[in-house]
2 protein chains.
Amino acid sequence: MASDSTAPAGRSLLFLTDDQLRKGIEAMFFAYRGFTADPDRILAEKSYGRAHHRAIHFIHRSPGTTVNNLLSILGVTKQSLNRVLRTLIADGLVSSTVGDRDRRERHLHLTAEGAALERSLSDAQRERMRAAYRAAGPAAVAGFREVLEAMMDAEMRRQYQSLVDQPDGR
Amino acid sequence: MASDSTAPAGRSLLFLTDDQLRKGIEAMFFAYRGFTADPDRILAEKSYGRAHHRAIHFIHRSPGTTVNNLLSILGVTKQSLNRVLRTLIADGLVSSTVGDRDRRERHLHLTAEGAALERSLSDAQRERMRAAYRAAGPAAVAGFREVLEAMMDAEMRRQYQSLVDQPDGR
DNA sequence: CTGTCATGTCAACAACACTGACGTATTTCC
DNA sequence: GGAAATACGTCAGTGTTGTTGACATGACAG
């Protein structure tokens, strides 16, 4: 809207121009490219993709998680996840063990080798995040997280919160 | 923040725990899903994908841009872009005209129909961004943008800046 | 025992990315 | 004027990641 340039100054708390919003949209686009760039490079060497990274990340985060659980976090079909999981198990990065209480469930864990890959992936990603956080400062970081959380769907935010509340345990 | 409690208080400007960084990483993952959810729904109805959205967005942003220009912004191969561009031109959403100064170049514009789709896509995405911005407040928004910009590669940040500095002109 | 659940798998398909190679038109440079 | 570089388009092949639909097995629950 061209008429946004005439926006009253006193309403800045609530009045958001299309231009402001567009800049946020474009920032998300380019930032996400940077966000995935480093892991992508590492994964390409081992002929894995982002799907493998996501599976590894969330298995690391919730050791012993079930397939169904992972399915709902990743938001993909079981066929799609299974293809990835199958290669990870075949390659010895992930172990799948029958459940004790419910023997239908399979509990997923990273093997030593899987944990090593997870470490190298998250090291790379954390380094970039650390650099960005340092450059922007603590106040900016708080705002960054607030906006991201507000951008999620309600259901995703629920999953995010329950994940984030438990420490990494590394 | 569980392990954050062990962080030395006086170094908070520079000391970033793995836990803090991991939360940022997971926030990016879930937020980006929300970020693309609304346009994805609209595009699915018309059997277009994210690649079409990106092309339409940047053609709208830089009317008359050349194919090479778009290529470097999107960071894909020309074969990949061409597949998308071909369908958009065939469907009458994008026009391609021979350059005046350099007749090898093709200048890309949105047709009326293309502009209408762009509008409906960006309306949806802007609505989500607006809601997130409102929920988080102006200080958070500034921090959000700062961190995102710091997360980009130098080359991407250059492209982002030159784009963002020109208004939408809507 | 029957119904439901968790999981795994097969097949087919589509979107979107890639590499490599080739062709055409045009511009630039020597 | 002719060679080289540039801009674009296209063909063919491949790989990852997602989808639907169907089916099988084993395990739990009423």
Side-chain angles (χ1 to χ4, degrees), chain A residues 29 32-33 36-37 39-59 64-91 94-109, chain B residues 29 32-33 36-37 39-59 64-91 94-109:
Chain A
F29 172 74
Y32 198 76
R33 280 240 298 258
T36 56
D40 281 357
R41 264 190 292 275
I42 296 172
L43 291 157
E45 292 169 16
K46 308 197 192 298
S47 68
Y48 288 138
R50 265 182 221 177
H52 299 86
H53 184 189
R54 290 195 288 265
I56 287 174
H57 177 91
F58 287 110
I59 292 172
T65 189
T66 64
V67 174
N68 250 357
N69 206 320
L70 202 51
L71 235 36
S72 75
I73 287 175
L74 296 177
V76 296
T77 59
K78 67 173 176 174
Q79 293 90 329
S80 200
L81 173 60
N82 188 254
R83 187 179 16 214
V84 167
L85 229 37
R86 193 165 21 181
T87 72
L88 290 176
I89 292 170
D91 293 354
V94 168
S95 72
S96 165
T97 57
V98 172
D100 281 342
R101 217 196 52 225
D102 187 334
R103 294 171 49 81
R104 290 173 302 182
E105 295 178 340
R106 298 300 134 88
H107 297 286
L108 304 170
H109 294 268
Chain B
F29 172 74
Y32 197 75
R33 280 240 296 259
T36 56
D40 280 358
R41 265 189 292 274
I42 296 172
L43 291 158
E45 290 169 17
K46 308 197 192 296
S47 68
Y48 290 137
R50 263 180 223 177
H52 300 85
H53 184 188
R54 290 193 289 264
I56 287 173
H57 177 91
F58 288 110
I59 292 172
T65 189
T66 65
V67 174
N68 251 357
N69 207 319
L70 202 51
L71 235 36
S72 76
I73 288 175
L74 296 176
V76 296
T77 59
K78 66 173 175 174
Q79 294 91 329
S80 202
L81 174 59
N82 187 255
R83 175 164 18 91
V84 167
L85 229 37
R86 193 164 25 182
T87 72
L88 290 177
I89 292 170
D91 293 355
V94 168
S95 72
S96 166
T97 57
V98 172
D100 281 341
R101 216 198 52 225
D102 186 335
R103 294 170 48 81
R104 291 172 303 181
E105 295 180 339
R106 298 298 131 89
H107 296 286
L108 304 170
H109 294 267

What is the distance, to the nearest angstrom, from the [atom1] atom on [X] to the [atom2] atom on [N]?
| X | N | atom1 | atom2 | value |
| --- | --- | --- | --- | --- |
| A:L108 | C:dT7 | CG | C1' | 11 Å |
| B:N69 | D:dA7 | CG | C1' | 12 Å |
| B:L70 | D:dC8 | CG | P | 10 Å |
| A:Y48 | C:dA17 | OH | P | 24 Å |
| B:L88 | C:dC16 | CG | P | 10 Å |
| A:R50 | C:dA15 | CZ | C1' | 15 Å |

Within the modelled atom types, does a donor on one side and an acceptor on the other bring the side chain of [X] and the base of [N] under 3.5 Å apart?
| X | N | value |
| --- | --- | --- |
| A:R83 | D:dG18 | yes |
| B:Q79 | D:dG13 | no |
| A:E105 | D:dG26 | no |

- Message: On the nucleotide D:dC8, are OP1 or OP2 found under 4.0 Å from the side-chain N or O atoms that B:N68 carries?
- Response: yes
(Q) With a cut-off of less than 4.0 Å, is there a side-chain N or O of B:T77 near OP1 or OP2 of C:dC18? (A)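 So the side chain of B:T77 is within the cut-off, an N or O lying under 4.0 Å from OP1 or OP2 of C:dC18.
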- prompt: How is B:H52 classified with respect to the nucleic acid when contacts are heavy atoms under 4.0 Å: base, sugar-phosphate, or nothing?
  reply: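 Answer is sugar-phosphate: B:H52 comes under 4.0 Å of backbone atoms only.
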Side chain of [X] (C-beta onward), nearest among [options]:
| X | options | result |
| --- | --- | --- |
| B:V67 | C:dG8, D:dG18, D:dG9 | D:dG9 |
| A:S80 | C:dT7, C:dA17, D:dT17 | D:dT17 |
| B:S96 | D:dT10, D:dG9, C:dT9 | D:dG9 |

Check: Mind checking whether A:Y32 and B:Y32 have parallel, tilted or perpendicular rings, split at 30° and 60°?
Finding: parallel
Anything under 3.5 Å between a protein N or O and an N or O of nucleotides 22-26 of chain C, put it in a table, one pair a line.
{"from": "C:dT26", "atom 1": "OP1", "to": "B:R103", "atom 2": "NH2", "distance (Å)": "3.3"}
{"from": "C:dT26", "atom 1": "O2", "to": "B:R104", "atom 2": "NH1", "distance (Å)": "3.4"}

